[in-house]
*Asks:* 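Mind having a look at this structure? Questions to follow.
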Amino acid sequence: MFEDGIGILRSQMMEWETASDAIARLARVLEENDARVYYVFGEAQRDAMASLIDASPLAGRLVPLLVKNEYFGGNVDVTGLLCGCDVARAIRGVSAHDFVVLPRIMFNADGFTLDDMTVDDIRDSAGIPVTVVSCSVPEYLAQIEELVEG
């Protein structure tokens with residue numbers, strides 16, 4: 001049940017509740033580097049993780065980028081079933097000065113999305129660098145911090 005979207009969502013919400021130190025540290029790093037990071041989510045995350053981020057010290061710096069899954073007709077809204085073409089379209093407007101991170105759950109074991117795109121394909125199609133990060137809150141907070149501090 002973890003990978004059905006609901007299991008991941010609940011796990012992330014519970015991890016978020018215990019990550020206040022990591023959240024505060026990342027907020028400082030983002031502020032010090034004048035950085036903004038867009039984290040790609042499926043629309044199912046709107047009332048969950050997007051709300052938690054927006055109510056945290058990361059608001060405005062770690063930006064939930066909610067992507068509509070047009071590939072499957074817009075009715076499939078979990079992050080793990082996002083397709084590369086929809087993600088590439090959604091991130092095209094992001095400034096090259098900002099960072100874009102994609103959750104690992106979007107990719108299969110061979111590194112492909114459901115529409116057979118790789119991270120490089122998404123980057124090339126969108127014309128902006130992207131980085132794959134963990135779905136685990138403590139892990140992706142640390143990975144984003146490392147990315148920004150470069």
Side-chain angles (χ1 to χ4, degrees), residues 1-72 74-84 86-95 97-114 117-119 122-123 126 128-150:
M1 296 304 266
F2 181 76
E3 291 186 358
D4 68 356
I6 302 302
I8 290 173
L9 178 62
R10 187 68 204 133
S11 174
Q12 286 183 336
M13 291 174 69
M14 289 173 19
E15 289 176 344
W16 187 267
E17 294 170 4
T18 62
S20 58
D21 290 344
I23 291 168
R25 187 172 51 253
L26 179 57
R28 275 192 311 278
V29 167
L30 293 173
E31 184 69 29
E32 289 168 1
N33 288 280
D34 192 25
R36 184 175 350 275
V37 178
Y38 290 86
Y39 193 109
V40 169
F41 287 115
E43 290 185 318
Q45 295 276 28
R46 180 181 319 278
D47 295 329
M49 290 306 298
S51 293
L52 290 173
I53 292 169
D54 288 343
S56 79
L58 293 169
R61 293 286 181 181
L62 179 60
V63 181
L65 181 58
L66 300 167
V67 176
K68 184 168 183 152
N69 194 331
E70 298 288 349
Y71 189 86
F72 288 120
N75 294 326
V76 176
D77 61 357
V78 296
T79 305
L81 297 178
L82 286 175
C83 293
D86 293 323
V87 171
R89 187 172 26 259
I91 65 176
R92 279 192 189 114
V94 173
S95 167
H97 170 71
D98 296 327
F99 299 89
V100 175
V101 294
L102 311 176
R104 186 168 285 116
I105 195 70
M106 287 179 41
F107 301 91
N108 67 17
D110 296 322
F112 290 93
T113 60
L114 291 171
M117 289 183 78
T118 65
V119 174
I122 294 170
R123 180 202 63 226
I128 187 165
V130 296
T131 303
V132 176
V133 296
S134 174
C135 291
S136 162
V137 172
E139 290 177 11
Y140 76 65
L141 292 173
Q143 290 169 334
I144 291 171
E145 183 177 337
E146 184 178 313
L147 174 67
V148 170
E149 289 186 318

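The residues of the chain are indexed from 1 along the displayed sequence.
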*Asks:* Applying side chain to side chain donor-acceptor pair (under 3.5 Å), name anything that partners Thr118, two or more places apart in sequence or on another chain.
*Replies:* Asp121
*Asks:* Sort and list the pairs that fulfil ring pair (Phe, Tyr, Trp, His ring centres under 6.0 Å) and have at least one residue in residues 45-69, not counting sequence neighbours.
*Replies:* none
*Asks:* Who are the side-chain contact (heavy atoms from CB on, under 4.5 Å) partners of Pro129, not counting sequence neighbours?
*Replies:* none
*Asks:* Taking all non-hydrogen atoms of both residues into account, name the closest pair between Pro103 and Thr79 and its distance.
*Replies:* CG-CG2, 3.3 Å
*Asks:* Could you pull out every donor-acceptor pair under 3.5 Å between side chains of residues 52-67 and any protein atom, sequence neighbours left out?
*Replies:*
{"residue": "Ser56", "atom": "OG", "partner": "Ile53", "partner atom": "O", "Å": "2.8"}
{"residue": "Ser56", "atom": "OG", "partner": "Leu58", "partner atom": "N", "Å": "3.0"}
{"residue": "Arg61", "atom": "NE", "partner": "Glu31", "partner atom": "OE1", "Å": "3.4"}
{"residue": "Arg61", "atom": "NH1", "partner": "Asp34", "partner atom": "OD1", "Å": "3.0"}
{"residue": "Arg61", "atom": "NH1", "partner": "Ala35", "partner atom": "O", "Å": "3.2"}
{"residue": "Arg61", "atom": "NH2", "partner": "Glu31", "partner atom": "OE1", "Å": "3.3"}
{"residue": "Arg61", "atom": "NH2", "partner": "Asp34", "partner atom": "OD1", "Å": "3.4"}

*Asks:* Report the residues that fulfil side-chain contact (heavy atoms from CB on, under 4.5 Å) with Leu81, sequence neighbours left out, ordered by chain and then residue number.
*Replies:* Asn69, Val76, Val78, Leu114
*Asks:* Under the side chain to side chain donor-acceptor pair (under 3.5 Å) rule, what pairs show up with a residue in residues 97-113, not counting sequence neighbours?
*Replies:* Thr113-Asp115
*Asks:* Could you go through the side chain to side chain contact (heavy atoms under 4.5 Å, CB included) check for Tyr38 and Ile91 one step at a time?
*Replies:* CA-CA 9 Å; Tyr38 290 86; Ile91 65 176; 6.0 Å; no
*Asks:* May I have the list of side-chain donor-acceptor pairs in residues 141-150 shorter than 3.5 Å, sequence neighbours left out?
*Replies:*
{"residue": "Gln143", "atom": "OE1", "partner": "Ser134", "partner atom": "N", "Å": "2.7"}
{"residue": "Glu145", "atom": "OE1", "partner": "Arg25", "partner atom": "NE", "Å": "3.2"}

*Asks:* Kindly indicate whether the side chain of Val101, heavy atoms from C-beta on, has any atom under 4.5 Å from the side chain of Tyr140.
*Replies:* no
*Asks:* Does the side chain of Val94 come within less than 4.5 Å of Arg36's, by heavy atoms?
*Replies:* no
*Asks:* Test of understanding: with side-chain contact (heavy atoms from CB on, under 4.5 Å), list the residues that count as partners of Asp77, not counting sequence neighbours.
*Replies:* Glu43, Ala44
*Asks:* Could you walk me through whether Val100 and Leu102 pass the side chain to side chain contact (heavy atoms under 4.5 Å, CB included) check?
*Replies:* CA-CA 7 Å; Val100 175; Leu102 311 176; 4.2 Å; yes
*Asks:* Working note: Val119 + Ile122, criterion side chain to side chain contact (heavy atoms under 4.5 Å, CB included); need CA distance, chi angles, decisive distance, verdict.
*Replies:* CA-CA 5 Å; Val119 174; Ile122 294 170; 5.8 Å; no
*Asks:* Looking at every heavy atom in both Tyr71 and Asp86, which two are closest together, and how far apart are they?
*Replies:* N-OD2, 2.9 Å
*Asks:* To the nearest 0.5 Å, what is the distance between CE (Met106) and CE (Met117)?
*Replies:* 9.0 Å
*Asks:* Could you list the residues that satisfy ring pair (Phe, Tyr, Trp, His ring centres under 6.0 Å) with Phe41, not counting sequence neighbours?
*Replies:* Tyr39
